[in-house]
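In each ligand, atom 1 is the first atom listed, and ligand 1 is the first ligand listed.
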Amino acid sequence: MTMPTITAVRAFTVRGGGADYHDQGKGHWIDDHIGTPMGKYPEYRQSRQSFGINVLGTLVVEIEADDGTVGFAVTTAGEIGAFIVEKHLSRFLIGRKVTEIEKIWDQMYFATQYYGRKGVVLNTISGVDLALWDLLAKVRQEPVHALLGGPVRDELQFYATGARPDLAKEMGFIGGKLPLHHVPAEGEEGLKKNIELLADMRSRCGDDFWLMYDCWMSLDVNYATRLAHKAQEYGLKWIEECLSPDDYWGYAELKKNVPKGMLVTTGEHEATRWGFRMLLEMECCDIIQPDVGWCGGVTELIKISALADAHSKLVVPHGSSVYSYHFVITRQNSPFAEFLMMHPVPDQVVPMFTPLLLDEPVPVNGRMKASALDKPGFGVRLNPEVTLHRPYPVG
Ligand SMILES: C[C@H](O)[C@H](O)CC(=O)C(=O)O
Ligand SMILES: [Mg+2]
């Protein structure tokens, strides 16, 4: 089979939801006094949008081949990402065969290494990489999961992240991950409130439902250790992303400090095999949580996951919708997946990247059949009703 050649690369930005799921309207649970590293400043405590959590917006990358097939993907990188794609990365794509994914990744990473390595540059590389997988799978008329070795189970099982684990339980999820609301700067009163919310959710959800706390990089080792010990009484399953992603030493200490049986998880703001190697070799956590749209895409996640497997660690990707579903279904060391509840309340299931994609599958009763992913590529389409903006058209 002669493989098509890439003829065009286009990068668009989108506002309001989509891959930048923090870019929501007023009153959404995801922006309601959630603990962050900026919480030490009272003026940035109530709203994450107040310090700019949604400044990037969504990046859409489209890659077209000479047979007319178009692959696309979305990530969090907005206008900066569009600049990097059109002005820098497109040179590694135009004229290449759609099968050259590994070589293109290597060239994108090493050509941007002097200003990249992590953060928005890796989000952008991830977006291009995912668009390439979408393109190749569409050319082959297969789902991406088939290119990754095929499903190892018949269905995905999900836990839900959101403000209402009690409602998530009624919707059939296996667990609920709450955002932590109060940071160390809010003192003992804040710590008490953090524990009270967990206790309340435990009483609503019963003993067997998983409850987790997402700390979004907002704590220090001492506070996180105290929180973990107080939370043990309420059966906290894991404590997530307590510290700065750069504080590998702090995570290693925290993992030793938490009560036996409680898991330490992190990694959604980590990137590449080298970043995850630090987390794994320094024994920072029990579960790594790469975001497929931020860690380097599927090409890099394959390597990260193999490394985790060799360390007997689970990989439960952060959010990332279809990009994670197609991966998780193919891996034994990814036994369940995250579903981020993007309904503002959240009392119902809506697609994670709503309103940007059409055909984005959602869990039903906390589960998703592998067959729901049996469409070419990642199986989603751009919603034509969403306005795309192309800030740096080339040529
Ligand atoms: C809810 C968290 O603060 C964040 O918005 C999402 C996240 O970290 C996760 O889903 O994990
Ligand atoms: Mg998290």
Query raised in the report: Just which atoms of ligand 1 are under 4.0 Å from any heavy atom in H318?
Result: 6 (C), 7 (C), 8 (O), 9 (C), 10 (O), 11 (O)

Query raised in the report: Of all the atoms in ligand 1, which lie at a distance below 4.0 Å from a heavy atom belonging to H22?
Result: 4 (C), 5 (O)

Query raised in the report: Is E170 salt-bridged to R164, going by a charged N under 4.0 Å from an acidic O?
Result: no

Report task. For F336 and F173, run ring-ring contact (aromatic ring centres under 6.0 Å, His included): C-alpha distance rounded to whole Å, both residues' side-chain angles, the deciding distance at 0.1 Å, then the answer. Result -> CA-CA 11 Å; F336 55 91; F173 290 94; over 10 Å; no

Report summary line: If we number the atoms of ligand 1 from 1 as shown, the ones under 4.0 Å from a heavy atom of L340 are 10 (O)

Report task. Have a look at ligand 1 and work out which part of Q289, if any, has a heavy atom under 4.0 Å from it: side chain, backbone, both or neither. Result -> neither

Query raised in the report: Hey, what's the ring geometry for W294 with Y21, parallel, tilted or perpendicular (30° and 60° as the breaks)?
Result: parallel

Requested in this report: Find, among atoms of E268 that are N, O or S, the one nearest to the Mg ion (ligand 2), and state its name.
Outcome: OE1

Report summary line: closest protein heavy atom to atom 7 (C) of ligand 1 is D214 OD2, 3.1 Å

Query raised in the report: Is K256 salt-bridged to E283, going by a charged N under 4.0 Å from an acidic O?
Result: no

Query raised in the report: With respect to the Mg ion (ligand 2), what is the nearest N, O or S atom of D214?
Result: OD2

Query raised in the report: Per the side-chain contact (heavy atoms from CB on, under 4.5 Å) rule, which among I287, V152, V316, V328 passes with S334?
Result: V328

Requested in this report: Decide yes or no on side chain to side chain donor-acceptor pair (under 3.5 Å) for E270 and Y248, but give the supporting numbers first.
Outcome: CA-CA 11 Å; E270 190 53 87; Y248 305 103; 2.8 Å; yes

Query raised in the report: Relative to each other, are the rings of F92 and H88 parallel, tilted or perpendicular (30° and 60° limits)?
Result: tilted

Query raised in the report: After noting the C-alpha distance and the side-chain angles of E338 and T161, does the key distance pass the side chain to side chain donor-acceptor pair (under 3.5 Å) rule?
Result: CA-CA 7 Å; E338 174 179 17; T161 296; 2.5 Å; yes

Report summary line: Closest to atom 1 (C) of ligand 1 (heavy atoms only, candidates W29, F339, Y159) is W29

Query - Of all N/O/S atoms in E240, the name of the one nearest the Mg ion (ligand 2) - result: OE2

Query raised in the report: Any ion pair linking E64 and R10 (charged N to carboxylate O, less than 4.0 Å)?
Result: yes

Query raised in the report: Counting from 1, what ligand 1 atoms have a heavy atom of K177 closer than 4.0 Å?
Result: 9 (C), 10 (O), 11 (O)

Query - Taking atom 6 (C) of ligand 1 as the reference point, the nearest protein heavy atom with its distance - result: Y21 OH, 3.7 Å

Requested in this report: Could you tell me the residue and atom name of the protein heavy atom closest to atom 10 (O) of ligand 1, and the distance to it rounded to 0.1 Å?
Outcome: E338 OE2, 2.5 Å

**Report entry** ligand 1 contacted by E241 (non-hydrogen, < 4.0 Å)
**Finding:** no

Query raised in the report: Counting each atom of ligand 1 from 1 as listed, which ones have a heavy atom of I30 under 4.0 Å away?
Result: 5 (O)

Query - Protein heavy atom at shortest distance from atom 3 (O) of ligand 1 - result: R48 NH1, 2.9 Å

Query raised in the report: Is E196 salt-bridged to K192, cutoff N-O under 4.0 Å?
Result: yes

